[in-house]
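Following: one structure in structure tokens, then a few remarks.
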Amino acid sequence: MKTDRYTLLLTERIIKRLLQGAALVTVFTTLFIIGTLIFETYNFFREIPLVNFLFDTEWTPLFDNKKYGILTLLSGTFLTTFFAIVIAVPLGLSIAIYLNEYTNKRIRNILKPTLELLAAVPSVVYGFFALTVVTPFLQRFIPALSTFNSLSAGIVMGIMIIPFISSLSEDALSAVPSSLREAAYGMGATRFQTVFKVTVPAANSGIIVSIILAISRAVGETMIVAIAAGQQPRLTLNPLVPVETITAYIVQVSMGDVPHNSMEYRTIFAAGITLFIFTFILNNISFYLRKKFKERYE
Amino acid sequence: MSFITFAPSQQKYPKTDSTIYPAMNLPKYKITIENVSSYYGTVQALKDINMNILPLSVTAFIGPSGCGKSTLLRNINRMNDYIPDFRLEGSIKFDGVDIYSKFIEVENLRKQIGMVFQKPNPFPKSIFENVAFGLRIQGIKDKSYIEHQVEKSLKQTFLWDEVKDNLSKIGTALSGGQQQRLCIARALAVEPEVVLMDEPTSALDPIATAKIEELVIELKRQYTIVIVTHNMQQAARISDQTAFFYMGSLIEMDATSKIFTNPSEKLTENYISGHFG
């Protein structure tokens with residue numbers, strides 16, 4: 001079939017508009033979400049002074065004696081994220097270095113996808129695993145550990161985010177030109193010296209990006225902490241007691257029957273925007289670093 | 001069992017008079033290659049190579065792409081060790097010691113036999129740290145010694161005057177020719193005895209190339225240099241001996257002046273007169 005020039009041009013324009021539309025839908029959805037967050041947060045702060053929100057030491061919006069100290073929820077998020085990172089960074093980096101520098105291609109092609117499977121396990125399964133396996137196991141060594149606690153939630157979350165760090169760091173390491181490794185070997189460097197004095201420093205911005213993205217993921221993780229860390233807002237740095245993270249609080253309130261436009265309802269948005277600010281900053285840092293990192297080898 | 005290490009030899013070779021060597025109890029040749037064949041998997045890259053490399057001279061390896069000249073060069077400081085399925089038969093002796101012997105510490109060998117690569121490959125570190133790298137990985141902490149070596153090496157490569165005011169600048173920010181001279185300085189800082197150069201000027205412009213060639217001629221007063229080059233004029237200009245390789249075999253090796261004026265083999269003559277390659 002022969003198509004005339006007019007039809008061709010028309011098709012071209014329709015396709016362009018369709019693609020444009022797809023992009024705009026995403027942009028508007030994001031803007032709408034942010035708009036809602038800001039609007040409801042504004043309503044929240046019309047009644048609750050910012051000072052109370054930032055400096056109160058209790059979070060009890062669902063009780064009679066209402067207190068709105070976000071630090072309480074932040075301490076829960078901080079604790080679980082901290083343990084996740086403590087587990088995930090050393091393990092993830094060791095795996096990345098092992099995969100990139102100490103294995104051959106064949107083993108790497110089997111191991112890397114297997115590891116990435118860790119990220120494909122639904123987080124609700126991890127939550128359940130933390131509550132029913134890890135916590136009872138840890139209780140054998142730490143009798144003071146309560147059933148819900150930030151320690152085991154953090155550890156299991158750490159296992160979940162290992163592939164974020166190992167995969168992205170491995171990508172960063174393999175982007176280091178092999179000519180740099182050869183230069184080091186040619187100077188008489190051992191494999192260990194080559195890895196830690198040349199390859200890792202040359203890949204450090206990529207490695208930092210992977211860690212920041214992993215932190216961002218841990219801060220926003222919901223199911224594991226909602227199941228295994230408990231739902232008791234508490235301003236503490238004690239990893240053995242139940243805490244509530246920002247995400248867990250949002251789940252708790254969204255699941256309950258809180259009336260629309262009530263104060264309890266607005267707390268979700270205030271908590272949500274706090275979370276959003278944190279992940280937004282983290283993502284921007286990683287975006288900036290990734291751009292810088294790209295420039296170096298181009 | 002103690003490992004054989006290459007202590008930097010204090011005595012340097014006299015320039016040409018070969019009759020003194022037996023008296024000094026040192027082999028006449030810096031590097032001796034005997035019956036070397038090497039393989040990447042099932043592909044044979046080198047076929048029964050025999051050659052001797054004189055100390056304090058420039059030896060050029062020439063030949064068409066894939067003829068095995070780079071493979072042989074990399075065999076001399078065992079840079080092919082990390083290539084899976086690589087295999088070598090025969091022996092390569094450095095100062096009379098078989099470098100493929102199991103008693104050799106390969107890291108020590110490479111401190112004695114430095115290498116400069118085809119593409120300049122400075123580390124993304126400061127100029128100073130690039131040159132100091134080899135000393136630091138040897139565990140040398142003496143700050144004044146490191147500074148002295150860095151300055152000396154940069155002067156040897158005529159780079160000192162160009163960079164002395166910003167040694168903390170990142171090495172990768174230099175021009176291509178400067179980067180390559182930085183890489184040579186980096187190799188010299190650990191005071192090797194042999195410097196292997198794998199087409200060091202192939203990525204550089206003519207002016208930068210001329211500087212490197214001048215440098216190579218200067219360096220042979222203190223170092224034994226083996227250089228792989230695609231550029232026959234370059235081999236003619238800077239080398240004392242030339243080895244011509246073809247299809248993994250050493251066709252001919254002789255004084256450079258003889259190779260380029262009156263080669264013994266027809267194949268060599270065809271290659272240097274531009275009939276193929």
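Chain letters run A, B, ... following the sequence lines, proteins first, then strands; residues in each count from 1. Computed from heavy atoms alone, side chains included, the values below leave out hydrogens, waters and symmetry copies.
A distance-only check finds a donor-acceptor pair linking the side chain of B:N121 to the backbone of A:S179 [under 3.5 Å]. Side-chain atoms of B:E107 never come within 3.5 Å of backbone atoms of A:T190 as a donor-acceptor pair (strictly under, hydrogens ignored).
Dense packing is recorded around OH of B:Y82, with more than 12 heavy atoms of other residues, nucleotides or ligands lying under 6.0 Å away. In the displayed structure, B:F158 atom CZ is contacted under 6.0 Å by more than 12 heavy atoms of other residues, nucleotides or ligands. Within 6.0 Å of CZ in A:F287 there are 12 or fewer heavy atoms belonging to other residues, nucleotides or ligands. At most 12 non-hydrogen atoms from other residues, nucleotides or ligands lie less than 6.0 angstrom from CZ of A:F280. Applying the 6.0 Å contact sphere to CZ of A:F82 captures no more than 12 heavy atoms from other residues, nucleotides or ligands. More than 12 heavy atoms of other residues, nucleotides or ligands sit less than 6.0 Å from atom NZ of B:K152.
The two residues A:L180 and B:P124 come nearest to each other via the heavy atoms CD1-CD, 3.6 Å.
B:I113 touches chain A through its backbone: at least one of N, CA, C or O sits under 4.5 Å from a heavy atom, while the side chain does not. Only the side chain of B:F117 comes within contact range of chain A, with at least one heavy atom under 4.5 Å from a heavy atom of that chain.
The shortest side-chain heavy-atom distance between A:K197 and B:F123 does not fall under the 4.5 Å cut-off. Within the 4.5 Å cutoff, side-chain heavy atoms of B:R74 are placed close to those of A:E182. Annotation: side chain of A:M187 is not in contact with side chain of B:R110 (no heavy-atom distance under 4.5 Å).
When each of B:M115, B:Q118, B:K111 is checked for heavy-atom pairs under 4.5 Å with chain A, B:K111 comes out on top.
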- Message: Between B:F133 and A:V198, is the side chain to side chain contact (heavy atoms under 4.5 Å, CB included) condition met? List the steps.
- Response: CA-CA 10 Å; B:F133 182 84; A:V198 176; 3.5 Å; yes

